[in-house]
Amino acid sequence: MTMKHWLVKTEPEVYSIDDLKRDGSTAWDRVRNHQAKLSLRDGMQPGDRVLIYHSNAEPTGVVGVATVVGEAMPDATQFRKGDDAFEPRATKDAPVWWARTLRFERRFPACVTLASLRAEPKLAGMQLLARGNRLSVLPVAAAEFACIERMAKA
DNA sequence: GCCAACGTTGGC
DNA sequence: GCCAACGTTGGC
(Lines give C-alpha, C1' and ligand atoms only; values in the text may rest on other atoms or scores of the structure.)
Protein backbone atom coordinates (compact mmCIF):
# COMPACT_ATOMS: atom_id res chain seq x y z
CA MET A 1 0.00 0.00 0.00
CA THR A 2 1.27 3.44 -0.79
CA MET A 3 2.41 5.86 1.84
CA LYS A 4 -0.04 8.45 3.07
CA HIS A 5 0.66 11.88 4.45
CA TRP A 6 -0.96 13.75 7.30
CA LEU A 7 -0.99 16.93 9.31
CA VAL A 8 -1.70 17.20 13.02
CA LYS A 9 -2.33 20.41 14.93
CA THR A 10 -1.04 21.16 18.36
CA GLU A 11 -0.91 24.27 20.50
CA PRO A 12 2.78 24.77 21.28
CA GLU A 13 1.97 26.02 24.78
CA VAL A 14 0.41 22.61 25.41
CA TYR A 15 2.75 20.38 23.38
CA SER A 16 5.25 21.75 20.86
CA ILE A 17 7.59 20.30 18.25
CA ASP A 18 10.38 20.89 20.77
CA ASP A 19 8.51 18.75 23.29
CA LEU A 20 8.26 16.01 20.66
CA LYS A 21 11.96 16.36 19.87
CA ARG A 22 12.80 16.05 23.57
CA ASP A 23 10.50 13.05 24.05
CA GLY A 24 11.59 11.30 20.84
CA SER A 25 8.11 9.88 20.42
CA THR A 26 4.74 10.39 22.05
CA ALA A 27 1.20 9.05 22.08
CA TRP A 28 -0.84 11.48 19.97
CA ASP A 29 -3.93 11.40 22.16
CA ARG A 30 -6.76 13.59 23.53
CA VAL A 31 -8.22 13.94 20.03
CA ARG A 32 -11.98 14.27 20.58
CA ASN A 33 -13.45 14.46 17.11
CA HIS A 34 -14.73 11.39 15.32
CA GLN A 35 -13.42 12.26 11.89
CA ALA A 36 -9.95 12.89 13.31
CA LYS A 37 -10.26 9.65 15.30
CA LEU A 38 -10.89 7.71 12.08
CA SER A 39 -7.71 9.14 10.57
CA LEU A 40 -5.73 8.17 13.68
CA ARG A 41 -7.24 4.70 14.00
CA ASP A 42 -7.93 3.56 10.44
CA GLY A 43 -6.23 5.97 8.07
CA MET A 44 -2.66 6.08 9.32
CA GLN A 45 -0.19 3.32 8.58
CA PRO A 46 3.19 2.71 10.20
CA GLY A 47 5.81 4.74 8.35
CA ASP A 48 3.42 7.47 7.19
CA ARG A 49 4.86 10.96 7.56
CA VAL A 50 3.07 13.68 9.47
CA LEU A 51 3.44 17.45 9.35
CA ILE A 52 3.38 19.05 12.78
CA TYR A 53 1.38 22.28 12.82
CA HIS A 54 1.43 24.87 15.60
CA SER A 55 -1.98 26.46 16.13
CA ASN A 56 -2.76 29.39 18.41
CA ALA A 57 0.88 30.33 18.07
CA GLU A 58 3.07 33.19 16.94
CA PRO A 59 3.46 32.43 14.14
CA THR A 60 1.03 29.65 13.27
CA GLY A 61 2.28 27.15 10.72
CA VAL A 62 4.08 23.89 9.96
CA VAL A 63 7.16 23.42 12.10
CA GLY A 64 8.44 19.93 11.34
CA VAL A 65 7.83 16.30 10.47
CA ALA A 66 7.05 13.16 12.46
CA THR A 67 6.58 9.50 11.53
CA VAL A 68 3.73 7.14 12.43
CA VAL A 69 4.94 4.25 14.60
CA GLY A 70 2.98 1.03 15.13
CA GLU A 71 -0.74 0.43 15.17
CA ALA A 72 -3.57 2.44 16.69
CA MET A 73 -4.15 2.05 20.43
CA PRO A 74 -6.99 3.08 22.73
CA ASP A 75 -6.42 6.62 23.99
CA ALA A 76 -5.51 6.04 27.64
CA THR A 77 -6.72 9.49 28.67
CA GLN A 78 -10.37 8.51 28.05
CA PHE A 79 -10.25 6.18 31.09
CA ARG A 80 -8.92 8.79 33.55
CA LYS A 81 -11.72 9.96 35.82
CA GLY A 82 -11.32 13.63 36.57
CA ASP A 83 -9.19 14.30 33.52
CA ASP A 84 -10.81 16.74 31.11
CA ALA A 85 -10.28 14.10 28.40
CA PHE A 86 -12.28 11.51 30.43
CA GLU A 87 -14.94 9.71 28.36
CA PRO A 88 -17.68 8.15 30.52
CA ARG A 89 -19.02 6.09 27.58
CA ALA A 90 -15.71 4.33 27.04
CA THR A 91 -14.89 0.85 28.35
CA LYS A 92 -11.71 -1.16 27.95
CA ASP A 93 -13.61 -3.52 25.64
CA ALA A 94 -15.17 -0.69 23.64
CA PRO A 95 -12.91 2.36 23.61
CA VAL A 96 -14.37 5.49 22.05
CA TRP A 97 -11.13 7.37 21.29
CA TRP A 98 -7.87 6.22 19.73
CA ALA A 99 -4.29 7.36 19.63
CA ARG A 100 -1.13 6.75 17.61
CA THR A 101 2.51 6.94 18.48
CA LEU A 102 4.32 9.67 16.56
CA ARG A 103 8.11 9.77 16.44
CA PHE A 104 10.04 12.99 15.95
CA GLU A 105 11.74 13.15 12.59
CA ARG A 106 12.92 16.73 12.20
CA ARG A 107 12.23 20.32 12.97
CA PHE A 108 12.20 22.80 10.11
CA PRO A 109 14.83 25.58 10.34
CA ALA A 110 11.94 28.04 10.29
CA CYS A 111 8.17 27.79 10.62
CA VAL A 112 6.36 27.53 7.27
CA THR A 113 3.72 30.03 8.24
CA LEU A 114 0.02 29.80 7.55
CA ALA A 115 0.33 33.04 5.57
CA SER A 116 2.97 31.50 3.30
CA LEU A 117 0.87 28.35 2.84
CA ARG A 118 -2.06 30.51 1.77
CA ALA A 119 0.18 32.42 -0.63
CA GLU A 120 1.36 29.24 -2.41
CA PRO A 121 -0.81 28.45 -5.48
CA LYS A 122 0.12 24.75 -5.37
CA LEU A 123 -1.57 24.51 -1.97
CA ALA A 124 -4.82 26.19 -2.97
CA GLY A 125 -6.76 22.93 -2.57
CA MET A 126 -5.25 21.95 0.75
CA GLN A 127 -7.82 20.78 3.28
CA LEU A 128 -6.05 22.66 6.06
CA LEU A 129 -6.73 25.92 4.24
CA ALA A 130 -10.42 25.28 3.66
CA ARG A 131 -12.56 27.92 5.29
CA GLY A 132 -13.62 27.10 8.80
CA ASN A 133 -11.62 23.91 9.02
CA ARG A 134 -11.16 22.85 12.63
CA LEU A 135 -10.06 19.24 12.27
CA SER A 136 -6.93 18.50 14.27
CA VAL A 137 -5.85 15.48 12.18
CA LEU A 138 -5.98 15.92 8.41
CA PRO A 139 -4.87 14.02 5.31
CA VAL A 140 -2.36 15.85 3.11
CA ALA A 141 -1.78 15.09 -0.58
CA ALA A 142 1.70 13.79 -1.42
CA ALA A 143 2.34 16.76 -3.72
CA GLU A 144 1.27 19.20 -0.99
CA PHE A 145 3.53 17.48 1.51
CA ALA A 146 6.50 17.72 -0.89
CA CYS A 147 5.70 21.35 -1.62
CA ILE A 148 5.76 22.25 2.08
CA GLU A 149 9.05 20.40 2.56
CA ARG A 150 10.54 22.47 -0.27
CA MET A 151 9.19 25.66 1.30
CA ALA A 152 10.88 24.71 4.56
CA LYS A 153 14.26 24.51 2.83
CA ALA A 154 13.93 27.76 0.92
C1' DG B 1 -35.36 13.40 13.69
C1' DC B 2 -35.34 18.44 14.30
C1' DC B 3 -33.11 22.24 15.85
C1' DA B 4 -31.88 25.78 19.45
C1' DA B 5 -28.52 26.31 22.79
C1' DC B 6 -24.11 25.72 23.95
C1' DG B 7 -19.11 24.70 23.77
C1' DT B 8 -14.79 24.52 21.24
C1' DT B 9 -11.44 25.70 17.76
C1' DG B 10 -8.35 28.70 16.09
C1' DG B 11 -7.20 32.94 13.26
C1' DC B 12 -6.69 37.50 13.99
C1' DG C 1 -10.20 39.12 23.75
C1' DC C 2 -13.28 38.75 19.81
C1' DC C 3 -15.91 36.14 16.98
C1' DA C 4 -17.01 33.00 12.86
C1' DA C 5 -17.41 28.32 12.02
C1' DC C 6 -19.18 24.30 13.26
C1' DG C 7 -19.60 20.03 16.21
C1' DT C 8 -22.32 18.27 20.13
C1' DT C 9 -26.07 17.95 23.29
C1' DG C 10 -30.54 17.39 24.76
C1' DG C 11 -35.54 18.69 24.85
C1' DC C 12 -39.35 17.75 22.34
Please tabulate, one pair per line, all N/O donor-acceptor pairs under 3.5 Å involving side-chain atoms of residues 54-71 of chain A, not counting sequence neighbours.
from: A/His54; atom 1: NE2; to: A/Ile17; atom 2: N; distance (Å): 3.1
from: A/Asn56; atom 1: ND2; to: A/Glu11; atom 2: OE2; distance (Å): 3.1
from: A/Thr67; atom 1: OG1; to: A/Glu105; atom 2: OE1; distance (Å): 2.9

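Remark: A/Tyr53 is in phosphate contact with B/dG11, judged by side-chain N or O atoms under 4.0 Å from OP1 or OP2.
The distance from atom CZ of A/Arg32 to atom P of B/dT9 is 11 Å, rounded to the nearest whole Å. In this entry the distance linking NZ of A/Lys37 with C1' of C/dT8 reads 14 Å, nearest Å. Atoms CG (A/Asn33) and P (C/dC6) sit 13 Å apart, rounded to a whole Å. Atom CG of A/Asn133 and atom P of B/dT9 are 13 Å apart (whole Å). Atom-to-atom, CD of A/Gln127 to C1' of B/dT9 comes out at 16 Å; the value is rounded to the nearest Å. Going from atom CD of A/Glu87 over to atom P of C/dT8 covers 11 Å, rounded to whole Å. If you measure from atom CD of A/Glu13 to atom P of B/dG10, you get 14 Å, rounded to the nearest angstrom. Distance A/His34 NE2 to C/dT8 C1': 9 Å, rounded to the nearest Å.
Residues from residues 134-141 of chain A placing a heavy atom under 4.0 Å of any atom in DNA chain B, listed by number, are A/Arg134, A/Leu135.
Within 4.0 Å (heavy atoms only), A/Arg30 reaches no atom of the nucleic acid at all.
Residue A/Phe79 shares its hydrophobic cluster (ILVMFWY side chains chained together at separations under 4.5 Å) with no other residue.
By the side chain to side chain contact (heavy atoms under 4.5 Å, CB included) test, A/Lys21 pairs with A/Phe104, sequence neighbours left out. A/Ser116 is linked by a side chain to side chain contact (heavy atoms under 4.5 Å, CB included) to A/Val112, A/Thr113, A/Met151, counting only residues two or more places apart in sequence or in another chain. Under the rule for a side chain to side chain contact (heavy atoms under 4.5 Å, CB included), the partners of A/Ala141 that lie at least two apart in sequence or sit in another chain are A/Glu144.
Listed nucleotides: B/dC12, B/dG10, C/dG7. Nearest to the side chain of A/Lys9: B/dG10. Taking only side-chain atoms of A/Arg89, from C-beta outward, the nucleotide of C/dT8, B/dG11, C/dT9 with the closest atom is C/dT9.
One N or O on the side chain of A/Arg100 and one on the backbone of A/Leu40 form a donor-acceptor pair closer than 3.5 Å.
Ring to ring, A/His34 and A/Trp97 are close: their centroids are under 6.0 angstrom apart.
Nearest-nucleotide assignment on DNA chain C puts the 5′-proximal partner with A/Asn56, out of A/Asn56 and A/Gly132.
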